[in-house]
Amino acid sequence: MSENDDQPLGLFQKFLSNNRIFKNREVLRHSYRPQILPHRRPQIDAIASILAPAIKDETPSNILIYGKTGTGKTACVRYVGSELEKVGAGVGTGCRVVHLNCEVIDTQYRVLAQIAKSLEDLDATPSDRARAHIPMTGWPTDQVYTELKNQLEATGGVLVIVLDEIDKLVKKSGDETLYNLTRINADLQGAKVSIIGISNDLRFTDFLDPRVLSSLSEEEIVFPPYNAPQLCDILAQRAEMAFVEGSLEEGVIPLCAAFAAQEHGDARRALDLLRVSGELADRENAEQAKEKHVRMALDKIETDSMIECISTLPTQSKVVLYSMLLLEEMDKKIFTSGEVTRVYREVSRIVNIDPLTHRRITDLISELNMLGVINTRVVSKGRYGRTKEMWFDSNTKKIQEVLAKDPRLSEERLAQVDLNRLKASFR
DNA sequence: GATCCACCGGAATATAGGGGCG
DNA sequence: CGCCCCTATATTCCGGTGGATC
């Protein structure tokens with residue numbers, strides 16, 4: 001590690017010379033958009049033919065797209081969208097596409113504001129630039145709505161609004177946004193709006209008003225999960241660009257594909273596996289990425305994402321999580337929300353934090369469950385009530401380490417928690 | 001079977017903090 | 001500044017309930 005310290009550049013020398021594994025690692029990132037999307041021709045054609053009327057300045061049908069994560073939904077829509085914009089510009093009609101990720105932009109206000117903002121960014125003319133743009137907060141929502149309509153009328157043409165992860169939007173703030181958006185055409189003279197909704201959840205339409213649903217799902221397209229051979233094709237295509245020739249052991253790609261196929265055919269996952277496998281091989285100066293690196297990568301990806309997830313938790317959630325760790329330490333492998341709350345109250349006193357109510361804690365517990373940090377299930381214990389049970393299934397050591405990094409949960413403070421007294425109160 | 005515990009989880013409401021506008 | 005709007009977090013209230021025990 002330190003033999004070349006006396007040479008100039010010594011520290012980074014080996015990184016410069018070492019390109020035994022990767023040729024171009026960027027190709028393996030999610031953000032990279034390949035020109036060819038293998039095994040998605042039918043879906044691309046379907047989207048394109050539905051959107052085609054936009055070129056003739058007619059309103060395309062709204063589309064709902066279903067498919068699990070990593071099945072290429074976003075990539076395909078982006079691809080068709082950019083082609084449409086290109087062709088539209090050539091013919092001289094105004095076709096514009098706005099892409100929103102509803103996981104981030106999850107309220108009606110933000111959706112409307114973001115659409116308007118994207119439009120401003122697209123229309124580069126100075127007069128539009130000069131117009132007062134919509135603040136990210138502050139206005140009444142219907143004012144934003146009116147302003148958006150004005151912007152649309154000003155430029156005319158067809159606007160395709162892509163609502164990625166639309167199920168998140170509906171779950172967090174209901175279908176009012178969609179109701180307004182699907183009706184916006186009725187209020188417009190010169191401009192036309194068409195909506196593409198992308199959803200991971202097949203059943204999210206249960207939450208929708210039937211009128212919204214029928215309007216939104218004039219067309220439906222399903223993206224099936226990739227199977228292992230298809231994933232192999234995708235990986236092979238990228239690997240050719242990303243890896244130095246011969247730096248991949250033969251079995252590596254099929255193995256990555258197989259792992260990812262087990263997990264609902266997630267191409268993103270497969271690419272992560274391949275990239276991390278390469279990185280691990282690179283780091284240990286191996287000639288080739290081998291199958292063992294894939295297995296190491298599988299493990300690394302899992303723990304890395306968990307560490308990231310836990311360390312960015314709000315303090316209160318960390319305290320709740322810590323309380324669960326204490327219970328685990330007391331040899332309670334499964335514990336109820338009531339127990340967690342009791343331990344939590346004790347911990348919150350020592351850590352000097354305002355204690356939350358039980359109700360709030362159940363919400364935090366549910367969040368931890370959604371994040372996959374713990375597992376929960378609701379069980380009835382007959383006469384002894386109904387409660388939510390939870391347990392860890394990954395290594396608690398790592399969680400402990402990550403939590404300890406938070407200054408408010410430092411070792412010294414937590415040493416004050418009287419385990420024995422707590423334990424006694426559960427007998 | 002009927003009962004009834006200990007909590008679940010929806011809804012309404014409060015609080016604090018971001019901001020615009022006149 | 002006061003007034004309004006939006007969001008996130010949290011509290012209060014409460015109807016609802018699965019199934020072991022009576």
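Every chain is numbered from 1 and lettered A, B, ... according to where its sequence line falls, protein lines coming before strand lines. Predicted model only: the values in this text are computed from it and were never measured.
Straight-line distance from the CZ atom of A:Phe335 to the P atom of B:dC7: 15 Å, rounded to whole Å. Between the CZ atom of A:Arg377 and the P atom of B:dC8 there is a distance of 14 Å, rounded to whole Å. Between the CZ atom of A:Arg383 and the C1' atom of C:dC22 there is a distance of 6 Å, rounded to whole Å. Taking atom NZ on A:Lys381 and atom P on B:dA6, their separation rounds to 11 Å, with Å as the unit. Regarding A:Met390, its CE atom lies at a distance of 13 Å from the C1' atom of B:dA6, rounded to whole Å. For the pair A:Glu339 CD and B:dC8 P, the computed distance is 11 Å after rounding to whole Å. Distance, A:Lys388 NZ to B:dG10 C1': 13 Å, rounded to whole Å. Straight-line distance from the OH atom of A:Tyr384 to the P atom of C:dA20: 12 Å, rounded to whole Å.
Positionally, the nearest nucleotide of DNA chain B for A:Thr362 lies more toward the 5' end than for the other of A:Gln143 and A:Thr362. Both A:Gly385 and A:Ser366 sit near DNA chain B, but only A:Gly385 has its closest nucleotide nearer the 5' end.
Here the closest non-hydrogen pair linking A:Cys256 and A:Leu235 is CB-CD1, 3.7 Å.
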Report summary line: A correct 5'-to-3' footprint of nucleotides 3-13 of chain C, with B, S and - meaning base, sugar-phosphate only and no protein heavy atom under 4.0 Å, is --BSSSSSSB-
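In this structure, the separation between CG on A:Leu28 and OG on A:Ser277 is 10.0 Å, given to the nearest 0.5 Å.
Taking the six-membered ring for Trp and the full ring otherwise, A:Phe22 and A:Phe243 have centroids separated by under 6.0 Å.
A salt bridge is absent between A:Lys300 and A:Glu279: the closest approach of a Lys/Arg side-chain nitrogen to an acidic carboxylate oxygen does not fall below 4.0 angstrom.
Distance alone, capped at 3.5 Å, is enough to place a donor-acceptor pair between the A:Lys23 side chain and the A:Glu240 backbone.
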Under 3.5 Å, side-chain donor or acceptor atoms of residues 377-385 of chain A against the rest of the protein: list the pairs with distances, not counting sequence neighbours.
from     : atom 1 : to       : atom 2 : distance (Å)
A:Arg377 : NE     : A:Glu389 : OE1    : 3.2
A:Arg377 : NH2    : A:Glu389 : OE1    : 3.0
A:Ser380 : OG     : A:Gly382 : N      : 3.3

